[in-house]
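Everything on this sheet refers to the single structure shown next.
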Amino acid sequence: PVTSQRIARQEWYKSRDGTWVPMTWLEPPRPPNPPPVLITSYGAYGVPLNRAYQPQWGPLLDRGFAVVQIHVRGGGELGPTWHEAGRYRQKENSINDFIDGVDYLLGSGKIDHERVFTRGVSAGAVIVAAAVNRRPELFAGVVLRAPYLDLIGSLSDSTEWLTPSDRLEWGDPANPQDFAYLASYSPYEQIRSQAYPPVLLIAARQDNRVPMSQSLRWLARLRAHDTGIGVKLLHLAEEGGHFGPSDQYEMRKQDSLEYAFILSR
């Protein structure tokens with residue numbers, strides 16, 4: 001659909017194993033050619049990304065950005081089979097779908113290759129951070145919010161109340177095969193010595209789903225291995241928990257922080 005202010009469309013691209021993957025695209029009617037882009041994804045628990053228009057995207061769209069959602073396997077966009085294809089020991093499909101989606105956009109010339117930004121929230125941070133570990137040169141900036149980053153540490157901790165159900169989604173590190181598979185893509189374990197793009201982490205002190213300690217550990221390891229010059233920033237939110245502040249004005253302040261970071265890059 002086209003309005004006087006926004007253009008929305010859905011596209012499909014082929015992942016490396018031949019699977020067709022959908023993406024949702026939103027842009028202003030007269031963007032720069034090519035436009036900068038913010039790419040998001042989730043791909044876990046069989047939960048679909050919300051394709052409805054999000055008013056908080058307005059400040060980016062007004063500045064010529066495109067906003068793209070990549071609906072990788074592991075989410076619920078195409079039903080239970082789509083979830084199963086990106087769950088447990090199929091998680092590699094989710095990561096490959098995301099990287100291949102970014103490559104598709106770059107190869108088609110539809111986005112500015114020097115201004116590709118990505119954002120991952122909660123379990124969506126697994127996909128985004130894993131992609132950044134493997135292809136850091138793709139991204140001009142990375143935003144991770146309430147991010148799930150230390151899979152093995154979290155899944156090994158039976159005191160965390162979500163661990164039993166999370167092991168069904170990701171695996172149990174007590175199982176040697178699960179441990180090896182998790183370690184092959186877990187954002188914390190896969191940090192390596194290379195130049196990383198600028199990163200903004202937003203974590204909540206009162207998050208009872210993904211403790212802020214995960215963000216602290218991941219950021220410390222990232223800074224120790226980063227050979228680049230991009231900033232690596234952490235914002236610890238005093239208000240709210242995993243889903244952000246209950247006050248809508250405090251939530252907009254966090255959104256503004258993300259966009260200020262992106263636009264500063």
Side-chain angles (χ1 to χ4, degrees), residues 41-47 72-76 83-99 118-136 142-194 196 199-226 232 234-237 240-244:
S41 194
Y42 187 72
Y45 301 108
V47 175
V72 303
R73 282 172 281 183
H83 173 215
E84 289 297 324
R87 183 186 75 84
Y88 192 40
R89 295 185 193 169
Q90 301 296 318
K91 202 68 210 170
E92 196 74 23
N93 288 334
S94 306
I95 301 165
N96 290 340
D97 287 352
F98 184 77
I99 294 173
T118 185
R119 179 181 189 263
V121 178
S122 189
V126 174
I127 307 302
V128 169
V132 172
N133 277 332
R134 296 179 185 188
R135 300 282 302 281
V142 181
V143 175
L144 302 173
R145 193 155 166 173
Y148 190 32
L149 297 167
D150 183 4
L151 275 68
I152 291 176
S154 175
L155 295 166
S156 298
D157 187 354
S158 297
T159 66
E160 292 189 13
W161 67 285
L162 287 175
T163 294
S165 60
D166 278 348
R167 286 173 178 167
L168 298 176
E169 179 74 17
W170 307 94
D172 184 352
N175 179 308
Q177 288 76 33
D178 285 1
F179 182 96
Y181 192 79
L182 288 163
S184 72
Y185 72 85
S186 175
Y188 180 80
E189 271 72 26
Q190 287 299 312
I191 289 175
R192 62 199 74 174
S193 294
Q194 59 184 345
Y196 281 88
V199 174
L200 171 63
L201 277 171
I202 299 178
R205 292 185 183 273
Q206 306 303 320
D207 191 336
N208 61 359
R209 287 176 175 257
V210 183
M212 68 173 185
S213 57
Q214 284 201 36
S215 293
L216 295 173
R217 289 197 300 272
W218 184 86
L219 185 60
R221 184 175 174 88
L222 184 73
R223 286 174 170 171
H225 288 79
D226 181 30
K232 308 296 181 291
L234 173 67
H235 174 72
L236 288 179
H242 187 69
F243 298 102

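The shown structure was predicted, so the numbers you read here are calculated from the model rather than taken from an experiment. FYI, side chains are in, hydrogens and waters are out, and symmetry mates aren't considered; it's all heavy atoms of this structure.
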* In Å, rounded to the nearest 0.5 Å, how long is the span from OG of Ser154 to CD of Gln214? -> 5.0 Å
* Looking at the rings of Tyr181 and Trp170, which for Trp means the six-membered one, are their centres under 6.0 Å apart? -> no
* Kindly determine whether Val126 and Leu149 satisfy side chain to side chain contact (heavy atoms under 4.5 Å, CB included), including the steps that lead there. => CA-CA 6 Å; Val126 174; Leu149 297 167; over 6 Å; no
* Asked: What distance do Arg217 atom CZ and Leu222 atom CG have between them, rounded to the nearest 0.5 Å?
  -> 14.5 Å
* Does the side chain of Glu160 come within less than 4.5 Å of Leu162's, by heavy atoms? -> no
* Asked: Are side-chain heavy atoms of Leu234 and Leu216 found at a separation under 4.5 Å?
  -> yes
* **Value rounded to 0.5 Å, distance of CG in Asp157 from CG in Asp166** => 11.5 Å
* To do: Give the intermediate values and the outcome of side chain to side chain contact (heavy atoms under 4.5 Å, CB included) for residues Asp150 and Glu189.
  => CA-CA 8 Å; Asp150 183 4; Glu189 271 72 26; 4.1 Å; yes
* Does Gln206 CD have over 12 foreign heavy atoms under 6.0 Å away? -> no
* To do: State, to 0.1 Å, how close Ala125 and Leu144 come at their nearest heavy-atom pair, and which atoms those are.
  => CB-CD2, 4.0 Å
* For residues Gln190 and Tyr188, is any side-chain donor paired with an opposing acceptor at under 3.5 Å? -> no
* **Contact check, side chains of Pro136 and Val142, non-hydrogen atoms, under 4.5 Å** => no
* **Side-chain heavy atoms of Val121 within contact of Tyr42, under 4.5 Å** => no
* Asked: Going by an N to O cut-off under 4.0 Å, is there a salt bridge joining Asp178 and Arg167?
  -> no
* Structure fact -> Scanning both residues in full, the closest heavy-atom pair of Gly120 with Val128 reads CA-CG2, 3.8 Å
* Are a donor atom and an acceptor atom from the side chains of Asn133 and Tyr196 found within less than 3.5 Å of each other? -> yes
* **Over all atoms of both residues, closest heavy-atom pair of Ser186 and Leu151** => OG-N, 3.5 Å
* To do: Please lay out, stage by stage, how Lys232 and Leu219 fare under the test side chain to side chain contact (heavy atoms under 4.5 Å, CB included).
  => CA-CA 8 Å; Lys232 308 296 181 291; Leu219 185 60; 3.8 Å; yes
* **Spacing of OG1 belonging to Thr118 relative to CD1 belonging to Ile127, to within rounding of 0.5 Å** => 10.5 Å
* Asked: About how many Å separate OG of Ser193 and CG of Asp226, when rounded to the nearest 0.5 Å?
  -> 9.0 Å
* Do you know the tightest heavy-atom contact between Ser215 and Ala203? -> OG-CB, 3.6 Å
* Check Ile202 against Pro147 and note the closest heavy-atom contact, atom names and distance. => O-CD, 3.7 Å
* Within the side chain of Asn93, is there an N or O that forms a donor-acceptor pair under 3.5 Å with the backbone of Ala85? -> yes
* Asked: Taking side chain as C-beta onward, heavy atoms only, is Asp172 less than 4.5 Å from Phe179?
  -> no
* Does the side chain of Arg87 reach to within under 4.5 Å of the side chain of Tyr45, using non-hydrogen atoms? -> no
* Answer yes or no: does atom OH of Tyr88 have more than 12 heavy-atom neighbours from other residues, nucleotides or ligands under 6.0 Å? => yes
* Asked: Would you call His225 and Gln194 a side-chain contact if the rule is heavy atoms closer than 4.5 Å?
  -> no
* Asked: At their closest point, which heavy atom of Gly43 faces which heavy atom of Val72, and how far apart are they?
  -> CA-CG2, 3.6 Å
* Verdict with supporting geometry, His83 and Glu169, side chain to side chain donor-acceptor pair (under 3.5 Å) -> CA-CA 10 Å; His83 173 215; Glu169 179 74 17; 2.9 Å; yes
* Close side-chain approach of Ile191 and Arg221, heavy atoms under 4.5 Å -> yes
* Quick check: does any side chain N or O of Trp161 sit under 3.5 Å from a backbone N or O of Asn208, one acting as donor and the other as acceptor? -> yes
* Asked: What distance do Arg134 atom CZ and Ile95 atom CD1 have between them, rounded to the nearest 0.5 Å?
  -> 4.5 Å
